[in-house]
Amino acid sequence: MTAIRYELIKQCPETGARAGRIHTPHGTFDTPIFMPVGTQATVKTMSPEELKDMGAGIILSNTYHLFLRPGSELVKEAGGLHKFMNWDRAILTDSGGFQVFSLGDLRKITEDGVTFRSHIDGSKKFLSPEVATKVQMDLGADIIMAFDECVPYPADHEYAKQSTLRTTRWAKRCKDTLTREDQGLFGIVQGGMYKDLRTMSVNDLLELDFPGYAVGGLSVGEPKDMMYEILEHTVRQLPQTKPRYLMGVGTPDCLVEGVMHGIDMFDCVFPTRVARNGTAMTWKGRLVIKNAEYAHDFGPIDENCGCYACRNYSRAYIRHLVRVNEIFGLRLMTMHNLYFLQDFMRQMRQAILEDRFVEFRKKFLAGYVH
RNA sequence: GGGUAGGUGCCCGAGUGGUUAAAGGGAACGGACUGUAAAUCCGUCAGCUUAGCUUACGAUGGUUCGAAUCCAUCCCUGCCCA
(Lines give C-alpha, C1' and ligand atoms only; values in the text may rest on other atoms or scores of the structure.)
Protein backbone atom coordinates (compact mmCIF):
# COMPACT_ATOMS: atom_id res chain seq x y z
CA MET A 1 0.00 0.00 0.00
CA THR A 2 1.07 3.48 -0.52
CA ALA A 3 0.20 6.17 1.94
CA ILE A 4 0.18 8.93 -0.63
CA ARG A 5 -1.45 8.67 -4.02
CA TYR A 6 -1.64 11.34 -6.68
CA GLU A 7 -4.47 11.51 -9.14
CA LEU A 8 -4.04 13.73 -12.17
CA ILE A 9 -7.39 15.08 -13.23
CA LYS A 10 -6.60 17.66 -15.85
CA GLN A 11 -3.60 19.30 -17.35
CA CYS A 12 -3.37 22.59 -19.17
CA PRO A 13 -2.11 21.61 -22.65
CA GLU A 14 -0.32 24.91 -23.20
CA THR A 15 1.55 25.27 -19.90
CA GLY A 16 1.49 21.94 -18.15
CA ALA A 17 -0.39 23.30 -15.15
CA ARG A 18 -2.10 20.46 -13.34
CA ALA A 19 -5.35 20.00 -11.50
CA GLY A 20 -5.28 16.90 -9.40
CA ARG A 21 -6.09 15.26 -6.13
CA ILE A 22 -3.93 13.78 -3.44
CA HIS A 23 -5.12 10.94 -1.23
CA THR A 24 -3.68 10.56 2.26
CA PRO A 25 -4.53 8.52 5.35
CA HIS A 26 -6.18 11.68 6.67
CA GLY A 27 -8.30 12.62 3.75
CA THR A 28 -8.08 13.83 0.23
CA PHE A 29 -7.38 17.30 -1.01
CA ASP A 30 -7.51 18.98 -4.37
CA THR A 31 -4.43 20.39 -6.05
CA PRO A 32 -2.92 22.78 -6.71
CA ILE A 33 -3.03 23.56 -3.03
CA PHE A 34 -1.51 25.97 -0.57
CA MET A 35 -0.59 24.51 2.81
CA PRO A 36 -0.70 26.88 5.78
CA VAL A 37 2.35 26.60 8.00
CA GLY A 38 1.93 25.61 11.62
CA THR A 39 5.52 25.33 12.72
CA GLN A 40 4.91 24.63 16.38
CA ALA A 41 1.86 22.42 15.97
CA THR A 42 -0.41 25.37 15.41
CA VAL A 43 -1.01 27.76 12.59
CA LYS A 44 -0.31 30.91 14.54
CA THR A 45 -3.53 32.48 15.88
CA MET A 46 -5.84 30.01 14.04
CA SER A 47 -7.92 27.18 15.43
CA PRO A 48 -8.30 23.95 13.42
CA GLU A 49 -11.98 24.75 12.96
CA GLU A 50 -11.14 28.10 11.41
CA LEU A 51 -8.66 26.46 9.07
CA LYS A 52 -11.25 23.92 8.02
CA ASP A 53 -13.82 26.64 7.47
CA MET A 54 -11.56 28.32 4.97
CA GLY A 55 -11.04 25.02 3.20
CA ALA A 56 -7.58 23.97 4.28
CA GLY A 57 -7.05 20.28 3.56
CA ILE A 58 -3.48 19.96 4.73
CA ILE A 59 -1.19 21.94 6.97
CA LEU A 60 2.50 21.92 7.70
CA SER A 61 4.44 21.45 10.88
CA ASN A 62 8.09 21.30 11.72
CA THR A 63 10.44 18.59 12.91
CA TYR A 64 13.13 20.85 14.32
CA HIS A 65 10.77 22.97 16.39
CA LEU A 66 8.73 20.09 17.78
CA PHE A 67 11.92 18.13 18.38
CA LEU A 68 13.12 20.92 20.68
CA ARG A 69 9.74 21.55 22.27
CA PRO A 70 7.79 19.65 23.40
CA GLY A 71 9.86 16.73 22.06
CA SER A 72 8.61 14.11 19.64
CA GLU A 73 8.13 11.53 22.40
CA LEU A 74 5.55 13.69 24.08
CA VAL A 75 3.67 14.09 20.82
CA LYS A 76 3.86 10.34 20.34
CA GLU A 77 2.55 9.84 23.86
CA ALA A 78 -0.34 12.15 23.00
CA GLY A 79 -1.24 9.81 20.17
CA GLY A 80 0.53 11.63 17.37
CA LEU A 81 0.44 15.12 16.01
CA HIS A 82 -3.08 14.89 14.57
CA LYS A 83 -4.51 14.04 17.96
CA PHE A 84 -2.19 16.34 19.87
CA MET A 85 -3.30 19.42 17.94
CA ASN A 86 -6.81 18.24 17.15
CA TRP A 87 -6.38 18.31 13.37
CA ASP A 88 -7.91 15.33 11.59
CA ARG A 89 -7.01 16.29 8.05
CA ALA A 90 -3.64 15.78 6.39
CA ILE A 91 -0.37 17.01 7.84
CA LEU A 92 3.03 17.40 6.25
CA THR A 93 6.09 17.80 8.41
CA ASP A 94 9.21 19.47 7.23
CA SER A 95 12.36 17.64 8.20
CA GLY A 96 14.36 20.43 9.76
CA GLY A 97 16.31 20.85 6.56
CA PHE A 98 15.26 24.44 6.25
CA GLN A 99 16.62 25.14 9.73
CA VAL A 100 19.98 23.86 8.52
CA PHE A 101 19.75 26.82 6.18
CA SER A 102 18.03 29.46 8.29
CA LEU A 103 19.86 28.88 11.55
CA GLY A 104 23.10 29.71 9.75
CA ASP A 105 25.81 30.17 12.33
CA LEU A 106 24.01 28.05 14.91
CA ARG A 107 24.75 24.83 13.12
CA LYS A 108 27.50 22.59 11.82
CA ILE A 109 27.04 20.15 8.94
CA THR A 110 28.85 16.85 8.59
CA GLU A 111 28.18 13.76 6.52
CA ASP A 112 26.55 12.19 9.53
CA GLY A 113 24.12 15.02 10.17
CA VAL A 114 23.79 18.49 11.59
CA THR A 115 24.68 19.73 15.04
CA PHE A 116 22.53 22.66 16.07
CA ARG A 117 22.85 25.05 18.93
CA SER A 118 19.28 25.36 20.09
CA HIS A 119 17.97 28.84 19.40
CA ILE A 120 16.06 28.56 22.66
CA ASP A 121 18.74 27.81 25.23
CA GLY A 122 21.94 27.35 23.24
CA SER A 123 22.22 23.64 24.05
CA LYS A 124 23.64 21.27 21.44
CA LYS A 125 21.15 19.25 19.41
CA PHE A 126 21.78 16.74 16.69
CA LEU A 127 19.61 16.05 13.68
CA SER A 128 20.45 13.48 11.04
CA PRO A 129 18.46 11.68 8.36
CA GLU A 130 17.79 8.91 10.86
CA VAL A 131 16.85 11.21 13.76
CA ALA A 132 14.71 13.49 11.58
CA THR A 133 12.87 10.50 10.16
CA LYS A 134 12.31 8.91 13.56
CA VAL A 135 11.03 12.18 14.92
CA GLN A 136 8.68 12.43 11.97
CA MET A 137 7.51 8.90 12.59
CA ASP A 138 6.71 9.88 16.16
CA LEU A 139 4.83 12.92 14.96
CA GLY A 140 2.93 10.79 12.46
CA ALA A 141 2.34 13.25 9.64
CA ASP A 142 0.90 11.85 6.45
CA ILE A 143 3.66 13.31 4.35
CA ILE A 144 7.14 13.57 5.76
CA MET A 145 10.14 15.20 4.18
CA ALA A 146 13.65 13.95 3.64
CA PHE A 147 16.28 15.64 5.73
CA ASP A 148 18.16 17.91 3.35
CA GLU A 149 20.37 20.91 3.19
CA CYS A 150 18.72 23.86 1.55
CA VAL A 151 21.60 25.18 -0.55
CA PRO A 152 22.01 28.89 0.10
CA TYR A 153 22.14 31.53 -2.60
CA PRO A 154 24.61 32.33 -3.85
CA ALA A 155 26.64 29.13 -3.69
CA ASP A 156 29.47 28.10 -5.96
CA HIS A 157 29.03 25.10 -8.20
CA GLU A 158 31.32 22.83 -6.22
CA TYR A 159 29.64 23.55 -2.91
CA ALA A 160 26.17 23.16 -4.44
CA LYS A 161 27.23 19.88 -6.00
CA GLN A 162 28.67 18.37 -2.82
CA SER A 163 25.73 19.58 -0.79
CA THR A 164 23.24 18.19 -3.27
CA LEU A 165 24.97 14.82 -3.47
CA ARG A 166 24.92 14.67 0.31
CA THR A 167 21.24 15.59 0.39
CA THR A 168 20.58 12.65 -1.91
CA ARG A 169 22.63 10.30 0.27
CA TRP A 170 20.65 11.59 3.21
CA ALA A 171 17.40 10.97 1.33
CA LYS A 172 18.38 7.32 0.93
CA ARG A 173 19.07 7.09 4.66
CA CYS A 174 15.69 8.64 5.40
CA LYS A 175 14.01 6.10 3.19
CA ASP A 176 15.88 3.25 4.86
CA THR A 177 14.82 4.50 8.28
CA LEU A 178 11.12 4.91 7.57
CA THR A 179 9.13 1.88 8.68
CA ARG A 180 5.61 3.22 9.00
CA GLU A 181 3.44 2.46 6.02
CA ASP A 182 0.92 5.17 6.69
CA GLN A 183 3.43 7.90 5.90
CA GLY A 184 4.75 9.01 2.55
CA LEU A 185 8.34 10.26 2.36
CA PHE A 186 9.05 12.95 -0.22
CA GLY A 187 12.50 13.47 -1.66
CA ILE A 188 13.79 17.00 -2.09
CA VAL A 189 15.49 18.19 -5.24
CA GLN A 190 18.36 20.58 -4.62
CA GLY A 191 21.13 21.75 -6.90
CA GLY A 192 21.21 25.45 -6.22
CA MET A 193 20.85 27.59 -9.32
CA TYR A 194 22.70 25.10 -11.53
CA LYS A 195 20.69 23.22 -14.10
CA ASP A 196 23.14 20.35 -14.39
CA LEU A 197 22.97 19.83 -10.63
CA ARG A 198 19.18 20.03 -10.66
CA THR A 199 19.13 17.34 -13.31
CA MET A 200 21.58 15.24 -11.36
CA SER A 201 19.52 15.67 -8.22
CA VAL A 202 16.27 14.68 -9.94
CA ASN A 203 17.82 11.62 -11.56
CA ASP A 204 19.41 10.40 -8.34
CA LEU A 205 16.18 10.88 -6.39
CA LEU A 206 14.06 9.18 -9.04
CA GLU A 207 16.12 6.05 -8.56
CA LEU A 208 15.07 6.02 -4.94
CA ASP A 209 11.43 6.14 -6.05
CA PHE A 210 9.66 8.45 -3.62
CA PRO A 211 5.87 8.88 -3.55
CA GLY A 212 6.35 12.58 -4.15
CA TYR A 213 9.03 15.09 -4.99
CA ALA A 214 9.72 18.50 -3.62
CA VAL A 215 11.69 21.27 -5.21
CA GLY A 216 13.80 22.86 -2.51
CA GLY A 217 16.40 25.57 -2.46
CA LEU A 218 14.33 28.09 -4.38
CA SER A 219 13.06 31.44 -3.19
CA VAL A 220 16.15 31.85 -1.07
CA GLY A 221 17.12 35.29 -2.32
CA GLU A 222 17.72 34.68 -6.02
CA PRO A 223 16.09 36.86 -8.68
CA LYS A 224 12.63 35.69 -9.66
CA ASP A 225 13.55 35.10 -13.28
CA MET A 226 16.29 32.76 -12.16
CA MET A 227 13.92 30.97 -9.82
CA TYR A 228 11.36 30.43 -12.57
CA GLU A 229 14.00 29.21 -14.98
CA ILE A 230 15.38 26.66 -12.52
CA LEU A 231 11.87 25.67 -11.54
CA GLU A 232 10.81 25.01 -15.09
CA HIS A 233 13.97 23.10 -15.80
CA THR A 234 13.47 20.95 -12.71
CA VAL A 235 9.75 20.22 -12.85
CA ARG A 236 9.98 19.12 -16.47
CA GLN A 237 11.98 16.13 -15.33
CA LEU A 238 9.66 15.03 -12.55
CA PRO A 239 7.22 12.18 -13.14
CA GLN A 240 3.64 12.99 -14.06
CA THR A 241 2.36 10.35 -11.67
CA LYS A 242 3.69 11.84 -8.47
CA PRO A 243 2.87 15.00 -6.56
CA ARG A 244 5.25 17.92 -6.91
CA TYR A 245 5.82 20.29 -4.07
CA LEU A 246 7.53 23.66 -4.33
CA MET A 247 8.84 24.40 -0.86
CA GLY A 248 8.58 27.79 0.74
CA VAL A 249 6.76 29.66 -1.96
CA GLY A 250 3.69 31.66 -1.25
CA THR A 251 3.31 35.07 -2.87
CA PRO A 252 0.49 35.08 -5.42
CA ASP A 253 2.73 35.84 -8.39
CA CYS A 254 5.09 33.00 -7.50
CA LEU A 255 2.17 30.66 -6.96
CA VAL A 256 0.78 31.33 -10.41
CA GLU A 257 4.16 30.73 -11.98
CA GLY A 258 4.64 27.61 -9.89
CA VAL A 259 1.30 26.20 -10.94
CA MET A 260 2.02 27.09 -14.53
CA HIS A 261 5.19 25.03 -14.39
CA GLY A 262 3.28 22.08 -13.00
CA ILE A 263 3.59 22.34 -9.23
CA ASP A 264 0.82 20.84 -7.10
CA MET A 265 1.70 21.82 -3.55
CA PHE A 266 3.05 24.94 -1.91
CA ASP A 267 3.68 26.11 1.59
CA CYS A 268 4.88 29.41 2.92
CA VAL A 269 5.00 31.43 6.11
CA PHE A 270 4.44 34.54 4.07
CA PRO A 271 0.66 34.93 4.48
CA THR A 272 0.68 34.28 8.22
CA ARG A 273 3.81 36.22 9.07
CA VAL A 274 2.95 39.19 6.94
CA ALA A 275 -0.54 39.20 8.44
CA ARG A 276 0.89 39.55 11.92
CA ASN A 277 3.07 42.37 10.68
CA GLY A 278 0.13 44.28 9.28
CA THR A 279 -0.01 43.42 5.58
CA ALA A 280 -3.07 41.97 3.88
CA MET A 281 -2.84 40.05 0.62
CA THR A 282 -5.24 40.91 -2.19
CA TRP A 283 -5.71 40.26 -5.87
CA LYS A 284 -4.25 43.67 -6.53
CA GLY A 285 -1.21 43.23 -4.34
CA ARG A 286 -0.26 44.06 -0.79
CA LEU A 287 -2.40 46.25 1.39
CA VAL A 288 -0.53 47.56 4.40
CA ILE A 289 -3.40 47.94 6.82
CA LYS A 290 -1.28 49.95 9.26
CA ASN A 291 -0.91 52.80 6.80
CA ALA A 292 -2.56 56.09 7.74
CA GLU A 293 -4.60 56.14 4.55
CA TYR A 294 -6.89 53.46 5.99
CA ALA A 295 -7.64 55.24 9.25
CA HIS A 296 -11.06 56.36 8.00
CA ASP A 297 -11.65 53.54 5.55
CA PHE A 298 -14.75 51.70 6.69
CA GLY A 299 -14.84 49.26 3.82
CA PRO A 300 -13.50 45.68 4.02
CA ILE A 301 -9.91 44.71 3.27
CA ASP A 302 -11.10 43.32 -0.06
CA GLU A 303 -14.53 44.00 -1.55
CA ASN A 304 -14.63 40.63 -3.28
CA CYS A 305 -13.34 38.52 -0.42
CA GLY A 306 -15.71 36.19 1.39
CA CYS A 307 -13.61 35.65 4.48
CA TYR A 308 -14.90 36.24 7.99
CA ALA A 309 -12.79 39.38 8.39
CA CYS A 310 -13.98 40.94 5.15
CA ARG A 311 -17.60 40.01 5.75
CA ASN A 312 -17.68 41.66 9.15
CA TYR A 313 -14.95 44.20 9.76
CA SER A 314 -13.57 47.36 8.23
CA ARG A 315 -10.06 48.35 7.31
CA ALA A 316 -10.27 51.14 9.89
CA TYR A 317 -11.23 48.70 12.64
CA ILE A 318 -8.63 46.09 11.78
CA ARG A 319 -6.01 48.82 11.41
CA HIS A 320 -6.91 50.00 14.88
CA LEU A 321 -6.64 46.50 16.35
CA VAL A 322 -3.28 45.87 14.71
CA ARG A 323 -1.92 49.23 15.83
CA VAL A 324 -2.88 48.73 19.44
CA ASN A 325 -1.53 45.22 19.24
CA GLU A 326 -4.77 43.41 19.93
CA ILE A 327 -4.67 39.68 19.25
CA PHE A 328 -7.98 39.78 17.42
CA GLY A 329 -6.42 42.05 14.83
CA LEU A 330 -3.68 39.52 14.14
CA ARG A 331 -6.29 36.80 13.91
CA LEU A 332 -8.45 38.70 11.43
CA MET A 333 -5.43 39.49 9.28
CA THR A 334 -4.20 35.90 9.35
CA MET A 335 -7.66 34.60 8.58
CA HIS A 336 -7.95 36.90 5.62
CA ASN A 337 -4.56 36.06 4.13
CA LEU A 338 -5.04 32.33 4.46
CA TYR A 339 -8.55 32.51 3.06
CA PHE A 340 -7.25 34.60 0.22
CA LEU A 341 -4.69 31.97 -0.73
CA GLN A 342 -7.15 29.11 -0.41
CA ASP A 343 -9.50 31.01 -2.67
CA PHE A 344 -6.68 31.91 -5.01
CA MET A 345 -5.65 28.28 -5.41
CA ARG A 346 -9.26 27.16 -5.83
CA GLN A 347 -9.75 29.64 -8.63
CA MET A 348 -6.56 28.57 -10.33
CA ARG A 349 -7.66 24.96 -10.16
CA GLN A 350 -11.05 25.85 -11.55
CA ALA A 351 -9.37 27.70 -14.39
CA ILE A 352 -7.29 24.65 -15.24
CA LEU A 353 -10.36 22.43 -15.16
CA GLU A 354 -12.18 24.83 -17.46
CA ASP A 355 -9.31 25.19 -19.90
CA ARG A 356 -8.72 28.83 -19.20
CA PHE A 357 -5.59 28.82 -17.06
CA VAL A 358 -3.53 30.88 -19.50
CA GLU A 359 -6.23 33.51 -19.56
CA PHE A 360 -6.53 33.42 -15.79
CA ARG A 361 -2.82 33.95 -15.36
CA LYS A 362 -2.72 36.78 -17.82
CA LYS A 363 -5.62 38.54 -16.19
CA PHE A 364 -4.22 38.06 -12.72
CA LEU A 365 -0.75 39.35 -13.56
CA ALA A 366 -2.26 42.39 -15.26
CA GLY A 367 -4.06 43.44 -12.12
CA TYR A 368 -1.41 42.49 -9.60
CA VAL A 369 1.17 44.97 -8.33
CA HIS A 370 4.54 43.73 -7.14
C1' G B 1 3.05 82.29 53.30
C1' G B 2 7.81 79.09 54.37
C1' G B 3 10.87 75.10 52.59
C1' U B 4 12.28 71.87 48.80
C1' A B 5 12.68 69.41 43.95
C1' G B 6 12.04 70.60 39.18
C1' G B 7 10.69 72.94 34.16
C1' U B 8 14.72 69.55 27.66
C1' G B 9 12.32 68.19 20.94
C1' C B 10 4.74 65.24 19.85
C1' C B 11 5.17 62.44 25.01
C1' C B 12 8.53 60.30 28.79
C1' G B 13 13.49 61.09 29.79
C1' A B 14 19.38 61.57 29.74
C1' G B 15 22.57 65.48 29.51
C1' U B 16 25.72 70.39 34.22
C1' G B 17 30.52 75.33 29.71
C1' G B 18 32.71 73.53 23.52
C1' U B 19 33.09 66.59 20.25
C1' U B 20 24.84 68.68 21.45
C1' A B 21 19.97 69.58 16.37
C1' A B 22 20.76 67.44 21.85
C1' A B 23 21.52 59.85 24.42
C1' G B 24 17.62 56.30 25.24
C1' G B 25 12.46 54.90 25.22
C1' G B 26 7.50 55.67 23.38
C1' A B 27 4.18 57.65 19.83
C1' A B 28 3.73 58.90 14.73
C1' C B 29 5.04 57.96 9.56
C1' G B 30 7.10 54.63 5.90
C1' G B 31 9.47 50.02 4.39
C1' A B 32 10.84 44.80 4.63
C1' C B 33 9.02 39.87 5.39
C1' U B 34 8.63 33.43 0.59
C1' G B 35 10.05 24.71 3.65
C1' U B 36 8.69 30.70 10.94
C1' A B 37 15.13 32.07 16.10
C1' A B 38 9.61 36.86 13.35
C1' A B 39 2.60 39.75 17.13
C1' U B 40 9.59 40.62 14.25
C1' C B 41 13.19 43.70 11.99
C1' C B 42 14.79 48.30 9.45
C1' G B 43 14.44 53.51 8.23
C1' U B 44 12.52 58.61 9.04
C1' C B 45 11.17 61.65 12.88
C1' A B 46 12.71 71.05 13.99
C1' G B 47 12.57 73.76 9.32
C1' C B 48 14.82 75.33 4.82
C1' U B 49 16.92 77.47 -1.15
C1' U B 50 20.34 70.69 2.92
C1' A B 51 28.52 69.38 2.00
C1' G B 52 25.28 75.15 4.39
C1' C B 53 21.84 78.13 7.05
C1' U B 54 17.91 79.26 10.48
C1' U B 55 15.13 78.13 14.88
C1' A B 56 15.48 75.13 19.44
C1' C B 57 16.33 72.89 26.03
C1' G B 58 9.89 77.72 30.75
C1' A B 59 10.58 83.59 29.92
C1' U B 60 13.69 87.78 29.92
C1' G B 61 18.31 89.85 30.78
C1' G B 62 23.46 88.89 31.89
C1' U B 63 28.63 86.35 32.31
C1' U B 64 31.76 84.00 28.44
C1' C B 65 35.45 83.50 22.44
C1' G B 66 31.44 79.82 23.28
C1' A B 67 25.48 78.34 27.45
C1' A B 68 20.37 73.32 27.64
C1' U B 69 24.48 73.56 31.04
C1' C B 70 26.95 79.53 35.12
C1' C B 71 24.37 84.26 37.36
C1' A B 72 19.88 87.49 38.18
C1' U B 73 14.75 88.35 37.99
C1' C B 74 10.10 86.56 36.67
C1' C B 75 6.41 82.65 35.39
C1' C B 76 4.80 77.64 36.11
C1' U B 77 4.60 72.49 38.36
C1' G B 78 5.33 68.46 42.16
C1' C B 79 6.15 67.37 47.29
C1' C B 80 6.60 68.80 52.61
C1' C B 81 5.38 72.37 56.52
C1' A B 82 1.96 76.25 58.12
Side-chain angles (χ1 to χ4, degrees), chain A residues 34-46 58-66 68-69 92-107 116-122 125 132 136 141 143-153 167 186-190 213-224 227 231 245-255 257-258 263 265-281 286 288-295 319 321-334 337 341 370:
Chain A
F34 176 81
M35 308 180 279
V37 179
T39 303
Q40 311 205 70
T42 177
V43 175
K44 295 185 193 298
T45 80
M46 291 290 101
I58 175 170
I59 59 174
L60 218 80
S61 200
N62 186 282
T63 297
Y64 170 80
H65 292 272
L66 296 180
L68 294 188
R69 289 190 303 200
L92 181 153
T93 44
D94 186 27
S95 61
F98 185 70
Q99 280 62 46
V100 178
F101 164 80
S102 67
L103 261 33
D105 48 335
L106 289 179
R107 108 268 117 136
F116 293 92
R117 267 198 10 244
S118 161
H119 70 274
I120 301 162
D121 61 7
K125 303 287 176 188
Q136 291 188 88
I143 299 173
I144 70 175
M145 301 305 297
F147 187 63
D148 66 330
E149 182 197 358
C150 178
V151 179
Y153 175 82
T167 283
F186 281 23
I188 304 177
V189 180
Q190 290 291 344
Y213 294 90
V215 180
L218 289 181
S219 198
V220 289
E222 77 283 10
K224 279 192 179 170
M227 169 185 159
L231 180 63
Y245 164 27
L246 176 54
M247 306 185 81
V249 161
T251 57
D253 51 337
C254 291
L255 291 171
E257 298 308 296
I263 295 292
M265 306 161 68
F266 302 86
D267 82 283
C268 196
V269 305
F270 191 83
T272 43
R273 175 182 292 168
V274 128
R276 276 176 275 119
N277 294 332
T279 297
M281 300 168 74
R286 304 177 187 202
V288 183
I289 201 76
K290 287 192 286 190
N291 285 181
E293 62 180 300
Y294 304 118
R319 169 182 137 93
L321 293 182
V322 170
R323 276 158 51 93
V324 298
N325 204 23
E326 281 293 341
I327 294 168
F328 192 47
L330 307 184
R331 280 175 36 69
L332 290 174
M333 290 292 287
T334 301
N337 281 356
L341 283 186
H370 177 268

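Residue numbers start from 1 in every chain, and the chains themselves are labelled A, B, ... in the order their sequence lines are given, proteins ahead of strands.
- Interatomic distance, CZ of A:Phe101 versus CG of A:Asp148, reported as 11.0 Å (0.5 Å rounding).
- One C1' atom belongs to B:U40, the other to B:U34, and the distance between them is 15 Å to the nearest Å.
- Of the nucleotides present, none pairs with B:A67 by Watson-Crick or G-U wobble criteria with both distances under 3.5 Å.
- Within the shown strands, nothing qualifies as a pairing partner of B:U36 under the Watson-Crick or G-U definition with both distances less than 3.5 Å.
- A donor atom on one side chain and an acceptor atom on the other are not found under 3.5 Å apart for A:Tyr64 and A:Asp94.
- Taking the C1' atoms as reference points, B:C10 lies 15 Å from B:C57, given to the whole Å.
- The residue A:Arg323 sits close only to the backbone: its heavy atoms come under 4.0 Å of sugar-phosphate atoms, none of a base.
- In this structure, A:Gly329 reaches neither bases nor backbone, as no heavy-atom distance under 4.0 Å exists between it and the strands shown.
- Using a 4.0 Å heavy-atom cutoff across all strands shown, A:Asp148 reaches at least one base atom of the nucleic acid.
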query = Should A:Val100 and A:Phe116 be marked as a side-chain contact (heavy atoms from CB on, under 4.5 Å) after you check the CA-CA gap, both sets of side-chain angles, and the distance that decides it?
reply = CA-CA 8 Å; A:Val100 178; A:Phe116 293 92; 3.8 Å; yes
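- A residue-by-residue look at A:Leu218 and A:Leu106 shows that A:Leu218 has its nearest nucleotide of RNA chain B further toward the 5' end.
- Nucleotide B:G1: paired with B:C81 (Watson-Crick or G-U wobble, both distances less than 3.5 Å).
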task = Kindly indicate, with the supporting measurements, whether the criterion side-chain contact (heavy atoms from CB on, under 4.5 Å) is fulfilled by A:Met247 and A:Leu218.
result = CA-CA 7 Å; A:Met247 306 185 81; A:Leu218 289 181; over 6 Å; no
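- Heavy atoms of A:Asp94 sit under 4.0 angstrom from at least one base atom.
- Residue contacts for A:Thr272: at a heavy-atom cut-off of 4.0 Å it reaches a base atom on one of the strands shown.
- Here, B:G1 and B:C12 have their C1' atoms 33 Å apart, quoted to the whole Å.
- Using a 4.0 Å heavy-atom distance criterion, A:Leu60 is classed as a sugar-phosphate-only contact.
- With P as the reference atom, B:U8 and B:G13 are 8 Å apart, rounded to whole Å.
- Looking at which nucleotide of RNA chain B each of A:Gln40 and A:Val151 is closest to, the 5′-most match is held by A:Val151.
- Using a 4.0 Å cutoff to heavy atoms of chain A, the contacted part of RNA chain B runs 5' to 3' from B:A28 to B:U40.
- Residue-level contact check: A:Ser118 touches neither bases nor backbone, having no heavy atom under 4.0 Å from any strand.
- B:A14 and B:A23 have their C1' atoms separated by 6 Å, given to the nearest Å.
- Interatomic distance, A:Met35 CE to A:Leu341 CG, rounded to the nearest 0.5 Å: 12.5 Å.
- Residue contacts for A:Arg69: at a heavy-atom cut-off of 4.0 Å it reaches no nucleic acid atom on any strand shown.
- Contact check for A:Gln99 versus A:His65: side-chain heavy atoms found under the 4.5 Å cut-off.
- The residue A:Gln190 sits close to a base: some heavy atom pair falls under 4.0 Å.
- Judged by distance alone, the side chain of A:Arg319 and the main-chain N or O of A:Asn291 form a donor-acceptor pair under 3.5 Å.
- Base pairing analysis places B:A28 opposite B:U44; the two distances defining the Watson-Crick or G-U wobble pair are each below 3.5 Å.
- The nucleotide B:A51 finds no pairing partner, because no Watson-Crick or G-U wobble arrangement with both distances shorter than 3.5 Å includes it.
- The partner of B:U20, taking Watson-Crick or G-U wobble pairs whose two distances both stay under 3.5 Å, does not exist in any strand shown.
- Across all strands shown, B:C74 forms a Watson-Crick or G-U wobble pair, both distances under 3.5 Å, with B:G58.
- A distance of 5.5 Å separates CZ of A:Phe266 from CG of A:Leu246, quoted to the nearest 0.5 Å.
- Within the nucleic acid shown, A:Ile327 comes within 4.0 Å of at least one base atom, counting heavy atoms only.
- Of the inter-residue distances, the one linking A:His119 atom NE2 with A:Leu106 atom CG reads 9.0 Å to the nearest 0.5 angstrom.
- Comparing the same atom, P, in B:G25 and in B:G35 gives a spacing of 30 Å after rounding to whole Å.
- If you take atom C1' in B:G52 and the same atom in B:C71, they sit 34 Å apart, rounded to whole Å.
- For B:A68 and B:A22, the C1' atoms lie 8 Å apart once the distance is rounded to whole Å.
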